[in-house]
Amino acid sequence: MSDSTELPAPEKLPAHVAIIMDGNGRWALQRGLPRLAGHRAGTENLRRIIRACVEFGIPYLTIYAFSTENWGRPREEVNGLMRILEDVIDRELRELNEQGVRIRHLGKLDQLPSRIQEKVLSAVEQTRQNSRLNLNVAFNYGGRDEIIHGIQQMLKDQVDPEQVTPELVSRYLYTSGIPDPDLIIRTSGELRISNFLIWQAAYSEWYVTPTFWPDFGKEEFRKALVTYADRDRRYGKVSSKEYEGSHA
Ligand code: FPP
């Protein structure tokens, strides 16, 4: 496809994009394929979007790959998603490293099969020095679980209640040290947050598209970035332009 849409100026780009990669199952169903074929196609697309982030200079990408609720899916699909995570680490780590991608895991690692835990920890360790793109993989992740985990840690650390601020809470989350997402993309048209980054999304901008994740390629990603660049982020205040106008 041609580069039909121009990319916004670097200062207008989001520093952190988070994606709910939804619609793999319906993509497969439409083609008479098993659901796992949709997840495989979704993985191919993830590769395209990672490359695009590196090319566009977006420093943080967070992907929702497996939620704490996804254990309730048929066993074959759960096992298939675990296998995909393993395959991605086995097959893609070298290229990810070459692209300067640093991998982090968000979620409860200790509930995953031990072989996968080791692979994830090794991928995190092997890419620790990279800084071009921070790829945060939310796998066995849930926003409520993350907040509960943070509260438990705060209590263990005997944090003084008076010291609890938004900044302190942020430091106790899995995303500690990672800026809040500027833009959250949800594919396949659903209008819900699905327990994803529920604390961090307080002031994120949203881009929701009916496109199923396997078809959400570089061009539509670019379009989402252009849409984001045109937004007026007010963080609960009034528009800076409006404010300046009223004081002119
Ligand atoms: C939601 O689509 C998608 C998921 C639950 C899994 C997302 C996983 C990938 C794209 C693979 C990449 C994974 C890793 C580990 C790097 P859905 O199955 O809910 O779609 P549906 O709503 O159409 O059924």
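Residue numbers run from 1 in the order of the sequence given. Counting convention: from 1, in listed order, for ligands and their atoms alike.
Residue Arg26 holds the heavy atom nearest to atom 22 (O) of ligand 1 of all those in Met21, Arg26, Met82, Arg40.
Scanning the protein for heavy atoms near atom 19 (O) of ligand 1, the closest one is Arg73 NH2, 2.8 Å. The nearest protein atom to atom 10 (C) of ligand 1, hydrogens excluded, is given as Asn24 ND2, 3.3 Å; this is a heavy-atom distance. When hydrogens are left out, the protein atom nearest atom 4 (C) of ligand 1 is His39 CE1, 3.8 Å; that is the closest non-hydrogen contact. Distance from atom 16 (C) of ligand 1 to its nearest protein heavy atom, with residue and atom name: Leu46 CD2, 3.6 Å. In this structure, atom 12 (C) of ligand 1 lies nearest to the protein heavy atom Thr43 OG1, 3.7 Å. For atom 14 (C) of ligand 1, the closest non-hydrogen atom of the protein is Ala65 CB, 3.9 Å.
Ligand 1 has at least one atom lying under 4.0 Å from a heavy atom of Gly23.
Applying the ring pair (Phe, Tyr, Trp, His ring centres under 6.0 Å) test to pairs two or more places apart or on separate chains, those with a residue in residues 143-186 are His149-Tyr174. Judged as a ring pair (Phe, Tyr, Trp, His ring centres under 6.0 Å), not a single pair has a partner in residues 83-110 (not counting sequence neighbours).
The backbone N or O of Asn70 lies less than 3.5 Å from a partner atom in the side chain of Ser67, making a donor-acceptor pair. Side-chain N or O atoms of Asp182 include one that pairs as donor or acceptor with a backbone N or O of Ala15 at under 3.5 Å. No donor-acceptor pair under 3.5 Å is formed between the side chain of Arg35 and the backbone N or O of Leu29.
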Legend entry - side chain to side chain contact (heavy atoms under 4.5 Å, CB included) between Leu96 and Ile50, intermediate numbers included: CA-CA 9 Å; Leu96 290 170; Ile50 290 172; 4.0 Å; yes
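When non-hydrogen atoms are compared, ligand 1 lies under 4.0 Å from neither the backbone nor the side chain of Trp27. If you look at Asn70 next to ligand 1, the close heavy atoms, those under 4.0 Å, all belong to the side chain.
Taking the centre and axis of the six-membered ring of Trp27, the NZ or CZ atom of Arg31 falls inside the cone set by 45° and 6.0 Å.
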